**Student:** 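Dropping a structure here in structure tokens format, bear with me for questions.
These numbers come from a predicted model, not from an experiment. Counting starts at 1 for both ligands and their atoms, following the listed order.
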Amino acid sequence: MKKIRTRFAPSPTGYLHIGGARTALFSYLYARRHGGDFILRIEDTDLERSTPESVNAILEGMTWLNLEYDEGPFYQTQRFDRYKEVIQQLLASGHAYYCYMPREELDALREAQMARGEKPRYDGRWRPEPGKVLPEPPAGVQPVVRFKNPLDGEVVIEDMVRGRVVIRNEELDDLIIARSDGTPTYNLTVVVDDYDMGITHVIRGDDHLNNTPRQINIFRAMGAEPPVYAHLPMILGPDGAKLSKRHGAVSVMQYHEEGYLPEALLNYLVRLGWSHGDQEVFSREEMIRLFDVADVNQSASAINPDKLLWLNQHYLKTSDPSHVARYLSWHLGNLGVDPAEGPALEDVVVALRERARTLVEMAQQAACYFRDELGYDEEAAAKHLNAAAEPILRAVVEALEQVQDWRVPVLETLIKDLVKALGIKFPQLAQPLRVALTGSTASPSIDTTLALVGRERSLVRLQKAISFIEASKSA
Ligand code: GLU
């Protein structure tokens with residue numbers, strides 16, 4: 001059997017959006033499942049709309065999602081010679097012809113057709129046919145090259161998602177494959193590349209379904225067998241409308257910035273249009289083993305931000321803390337926090353992973369373990385840093401000053417003993433201590449919080465809290 005080869009072929013005219021990422025994921029999974037190759041191709045022939053920033057954004061997105069490609073990135077702008085060669089071959093074999101129809105004439109034709117209520121289409125006036133006399137090429141017109149689409153018969157697409165789709169050739173006009181400046185058009189470059197790159201399965205958005213019969217005809221004209229096609233249904237916003245910016249993040253890297261783990265986003269994307277029973281959580285290994293493009297749903301799927309958040313939390317809680325720590329480090333940096341100025345990041349992850357839904361939340365909660373300065377939440381300070389807390393905090397300082405072995409079990413015993421010795425309830429000590437250490441009443445267990453803040457900072461913060469109480473008393 002032929003080795004399976006799939007590709008992701010984005011046009012670099014914006015960021016990598018989640019629809020593109022899902023196409024990439026499905027192409028990747030299909031190749032991996034069958035031990036095939038996954039190829040990245042940058043379709044940058046639209047020189048006006050393609051930008052290097054966008055190429056970078058796509059590469060960055062692929063890297064963040066860890067969608068490894070076996071070949072590429074190939075750039076279409078580096079392959080113009082090859083496209084010209086194929087255009088020449090199609091001209092030579094009679095599958096393409098020069099068309100000298102000036103722009104104005106074409107516009108007039110279109111208008112007349114639309115006025116008659118017809119679909120605008122080229123009328124074949126420069127198409128050579130046996131016995132047909134072509135007009136004299138007008139002076140000063142640079143011709144385009146048109147593909148000689150078959151006039152009758154039909155194109156049958158056995159689409160892996162949509163099933164059999166049949167288009168009558170009658171419905172297709174002779175498409176331009178080279179502009180008057182000689183540059184190739186989209187449908188030609190895609191076919192030449194899919195052919196040269198040995199692509200066996202084209203998995204792409206169903207906005208391309210219209211192009212497929214034309215592409216299949218070009219393949220046949222080149223004497224080649226077209227690949228198998230799979231057209232994926234659209235992704236919709238939660239309200240069922242076409243996905244757009246107003247639905248929140250659509251760029252993959254924005255999810256990165258908002259504190260999602262790539263595993264969570266991938267797991268979320270794989271379920272957009274595909275399912276395996278009612279399973280929601282898939283490791284990458286499971287995705288590769290279970291995914292089949294033939295099982296993709298035909299109907300559009302709506303995004304569900306709550307589910308993504310739920311998956312993110314799941315992966316924060318269950319991933320190796322050192323893995324999560326790498327991303328947390330980046331998010332701390334985003335907050336202007338130096339991740340080296342505090343506890344081990346793995347410990348922070350373990351302490352906070354039940355309490356944060358995103359890495360942004362985790363970084364915000366963690367920032368106080370890395371910074372020297374600390375501000376108080378006003379309400380928390382008013383409630384807990386008061387006269388009643390002062391003697392308790394003084395006793396805590398006295399006890400903690402004796403501790404050299406600053407570890408959770410040691411601190412835990414010390415706090416318990418102190419609560420008993422002072423004859424108070426645990427929260428009477430824990431709450432003021434929490435506010436003193438973190439500025440707020442929300443933090444992990446008090447022993448863990450002490451350990452994360454560290455000995456030196458804890459003692460400084462306790463002194464500061466005592467001074468704060470004294471100052472508010474005299475105010
Ligand atoms: N470059 C096209 C796009 O970004 C994809 C072409 C294809 O997958 O065949 O929409």
**Student:** What about the rings of Phe291 and Trp274, do their centers lie closer together than 6.0 Å?
**Tutor:**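 That pair passes the under 6.0 Å test.
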**Student:** So for atom CD, which belongs to Glu378, do other residues, nucleotides or ligands contribute more than 12 heavy atoms lying within a distance under 6.0 Å?
**Tutor:** no
**Student:** State whether the side chain of Arg146 and the backbone N or O of Arg127 hold a donor-acceptor pair below 3.5 Å, judged by distance alone.
**Tutor:** no
**Student:** Look only at the side chain of Ser329 and the backbone of Ala325, and say whether a donor-acceptor pair between them is shorter than 3.5 Å.
**Tutor:** no
**Student:** Purely on distance, is any nitrogen or oxygen of His208 under 3.5 Å from one on ligand 1?
**Tutor:** yes
**Student:** List ligand 1 atoms under 4.0 Å from Tyr186, heavy atoms only on the residue side.
**Tutor:**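 This gives 6 (C), 7 (C), 9 (O) as the contact atoms.
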**Student:** Under 3.5 Å between some N or O of ligand 1 and some N or O of Val202?
**Tutor:** no
**Student:** Does Phe8 approach ligand 1 within less than 4.0 angstrom via side chain, backbone, both or neither, non-hydrogen atoms only?
**Tutor:**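 Contact part for Phe8 vs ligand 1: neither.
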**Student:** Are His201 and Phe26 close enough that their ring centers fall under 6.0 Å?
**Tutor:** no
**Student:** Between Asp70 and Phe38 (side chain of the first, backbone of the second, donor and acceptor by atom type, cut-off under 3.5 Å), is there such a pair?
**Tutor:**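 Looks like yes, one N/O pair under 3.5 Å.
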**Student:** Against heavy atoms of Ser11, which atoms of ligand 1 measure under 4.0 Å?
**Tutor:** 1 (N), 2 (C), 3 (C), 4 (O)
**Student:** Could you tell me, atom by atom, which parts of ligand 1 come under 4.0 Å of a heavy atom of Ala9?
**Tutor:** 1 (N), 2 (C), 3 (C), 4 (O), 5 (C), 6 (C)
**Student:** Using a 4.0 Å cut-off to any heavy atom of Glu43, which atoms of ligand 1 qualify?
**Tutor:** 1 (N), 2 (C), 5 (C), 6 (C)
**Student:** Which of the numbered atoms in ligand 1 are under 4.0 angstrom from any heavy atom belonging to Arg7?
**Tutor:** 7 (C), 8 (O), 9 (O)
